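Single-structure report; data block below.
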There are 2 protein chains.
Amino acid sequence: MGASSVKDVARTAGVSLGTVSNVLNRPDRVSPATRAKVEKAMRELGFVRNESARQLRAGTSRTLAYVMLDASNPFFTDVAQGIESAAEAVDLSLVLCNSGNDQRRESAHLALLEQRRTQGVLVTPIDPDSAVLDEVVARGTPVVIVDRTRTDTRFCSVAVDDVLGGRLAVEHLIDRGHTRIAYIGGPYTLGQVRDRLAGAREAWAAAELPAEDLIEITIDGLYVAEGLEAGQRLAGLPASRRPTAAFCANDLVALGLLQQAISSGTRVPEGLAIVGYDDIVFAAAAAVPLTSVRQPRQELGRAAADLVLDEATNPDHEHSQVQFTPELVARASTIT
Amino acid sequence: MGASSVKDVARTAGVSLGTVSNVLNRPDRVSPATRAKVEKAMRELGFVRNESARQLRAGTSRTLAYVMLDASNPFFTDVAQGIESAAEAVDLSLVLCNSGNDQRRESAHLALLEQRRTQGVLVTPIDPDSAVLDEVVARGTPVVIVDRTRTDTRFCSVAVDDVLGGRLAVEHLIDRGHTRIAYIGGPYTLGQVRDRLAGAREAWAAAELPAEDLIEITIDGLYVAEGLEAGQRLAGLPASRRPTAAFCANDLVALGLLQQAISSGTRVPEGLAIVGYDDIVFAAAAAVPLTSVRQPRQELGRAAADLVLDEATNPDHEHSQVQFTPELVARASTIT
DNA sequence: GAGTTGGATTGAAAGGTTTCAATCACGTGG
DNA sequence: CCACGTGATTGAAACCTTTCAATCCAACTC
């Protein structure tokens, strides 16, 4: 059974406790003969080192954690992959937790990670300004905010310049000759949704186009279903007000919109041009490949992991807010 | 700092160690006055219960784990969601680990979970017959295999009848009048890829169609890129051999194929009908919504969680192999 | 053969929590 | 005024590993 301890191993192998521990932690210190004996005993007894006891004594855990906002959004799993590659490089393992946009679950995960003395916690929080995060840090667990920014600078964070992203998207549409477009996003409690709109407005203003021709369509969440619904709302507009292009706050919404457009006979991009955001793998694979604003997802993850490690190990760590630059990837959904 | 222990709390609150522990574990046993005192001290000191010590003493951990094969495939994150809902119901938390199709990483995750004395481990293994799994169980950690089946019955497992799924897909295509179709899948080391083909052949044989008109296109993995490539191979076939429909081993492949077909001017379903497998959210949202074989993903996860819990807590647990029934969801990619 | 060196091994202490039998304080009933 | 019961509190032991100073022993040097 899994019930055997170093003590049992020591007894079976006829050595002392300390020697067994040495086999586990400093195999070079122990003679090949005894090492073999001990390893044999371990196998026979099915010994499994008790990580709790190890960690209690050693004081240190060998894991990082990432609390994701929505595990079913490929964007976040890509970020996770970046984190994992950085963690692997320094021989830490990564556990993933999914808050699924639920404040209660987020808190529960954070509490448990704290109690486990996790080396570092990365989180894409529901509310980046929540006091819960401050408390976690105050009690001693390094926390880095991923893909969100706070209003203060008391955290390390890694994000992408969403204002710039919004500007890139809309500049592209203006370049293609569009003079009436929709911005589809929501809820506006999300910083990204606000920032991307802000960028869109900047570009719009810079081109001296009338503000009322940048139409805001507000939706309840950044999912496929909301994109479909937004498509119906667009179709319901009088022709004189109907936009010739839409900029969606993320790719899921854009895919929903695309589906609705095509199924209702609107040609993309001739009848409606579409720009998404995130450039998830399904954007390129859509039947009308989607123009999208790419975020460096893996780099985001890697950078966040590096920051949390620095915070965990470097005594004169200073918080920094890293901001990556997005990039427009033009595809068929805007280009004929 | 995070460095304070129950002892510190006890000292600050002017009570004994045992009382602090009671506040933590049996708050009803302690008078409201002292409880308040203790809780105040905890807040002041930023006390965080040390889960390692707790677990060491109590012997029990409060978490389940799911080692997924590929976190970037929405199918597995949906399964994870099902697991999470079951775990939540019994107040356990779920941690996710991603093997990313890498044998070494899978083993590393399993080893760590064992050492942590995780209550139960769910895993979609790279090789379900691997001896590594037997060893983990032999050492005392309950393991349930998800979405895979073993050749023996020494494990609980939860899977979906892939032979039936294959049959459903191909029966549907035969019903639609197709008499030359392709099966696109690989590598054949994957049980699902083999089983779905077996089901396809059953249906084909039952309809008394010539075996050589069920064309096998072998690919290297079940990803979007491979679907694209398969599309090119189909296009390269002489017209007399070119199939009028394709059954893809999963939706990622089907999406790739769909994209290739449309971008090369083949109409779907008129020029090429397509059936996918898994019915991930992006299947319905594709611009030509994809006919697909739906697996009850969330139920799969829930059932697996139930089994592992039974194995963990019920002394006369018996292994069982649960098999769910798939269901065909017909959409525009096969229906005009 | 005495003394030294170096590697291998040992044993006890420590780490933070939980548990449980023992103790305490206090009010009640006789 | 005493015995008793009840609920609250206490303190020591136990969980398993790691660490480190101390010990052992065999091989070597002079």
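These figures come from a predicted structure and were not determined experimentally. Each chain gets a letter, A, B and so on, in the order the sequences are listed, and its residues count up from 1.
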When the distance from CZ of A/Arg62 to P of D/dT17 is rounded to whole Å, what number comes out? 19 Å

So what does B/Val20 touch, heavy atoms closer than 4.0 Å: a base, only the sugar-phosphate, or nothing? nothing

So, is B/Thr19 close to the D/dT10 phosphate, meaning a side-chain N or O under 4.0 Å from OP1 or OP2? yes

Whole angstrom value for the distance that separates P of C/dG16 from CZ of A/Arg117: 9 Å

Going by heavy atoms in the side chains, are A/Arg150 and A/Asp134 under 4.5 Å from each other? yes

Among D/dT9, C/dT10, C/dG16, which is the nearest nucleotide to the side chain of B/Asn22? D/dT9

Looking for any heavy atom pair under 4.0 Å, which part of the strands does B/Ser5 touch: base, sugar-phosphate only, or nothing? sugar-phosphate

Nearest-Å distance for atom pair CZ/P, residues A/Arg29 and D/dT18: 15 Å

Pairing of A/Glu39 and A/Arg43 as salt bridge, 4.0 angstrom limit: no

Whole-Å gap separating P (D/dG11) and CZ (B/Arg11): 14 Å

d(CZ, A/Arg57; P, C/dA13) in whole Å: 13 Å

May I ask you to say what A/Ser31 touches in the nucleic acid, namely base, sugar-phosphate or nothing, with a heavy-atom cut-off under 4.0 Å? sugar-phosphate

For atom CD of A/Gln55 and atom P of C/dG16, their distance in whole Å: 12 Å

Selected nucleotide, minimal atom distance to B/Thr34 side chain, candidates D/dT9, D/dT19, D/dC16: D/dT9

A/Arg116 CZ to C/dT17 C1', straight-line distance once rounded to whole Å: 16 Å

Output yes when B/Asp28 and B/Arg26 qualify as a salt bridge under the 4.0 Å nitrogen-oxygen rule, no when they do not. no

Value in whole Å for how far the P atom of D/dT9 lies from CG of B/Leu24: 15 Å

Taking all non-hydrogen atoms of both residues into account, name the closest pair between B/Cys156 and B/His317 and its distance. SG-NE2, 3.2 Å

Check whether any side-chain nitrogen or oxygen of B/Asn25 sits under 4.0 Å from OP1 or OP2 of C/dT18, and answer yes or no. yes

Think B/Arg26 has a side-chain N or O under 4.0 angstrom from the OP1 or OP2 of C/dT18? no

By nearest-nucleotide position on DNA chain D, the 5'-leaning member of B/Ala58 and B/Pro32 is B/Pro32

Close side-chain approach of A/Phe76 and A/Leu96, heavy atoms under 4.5 Å: no

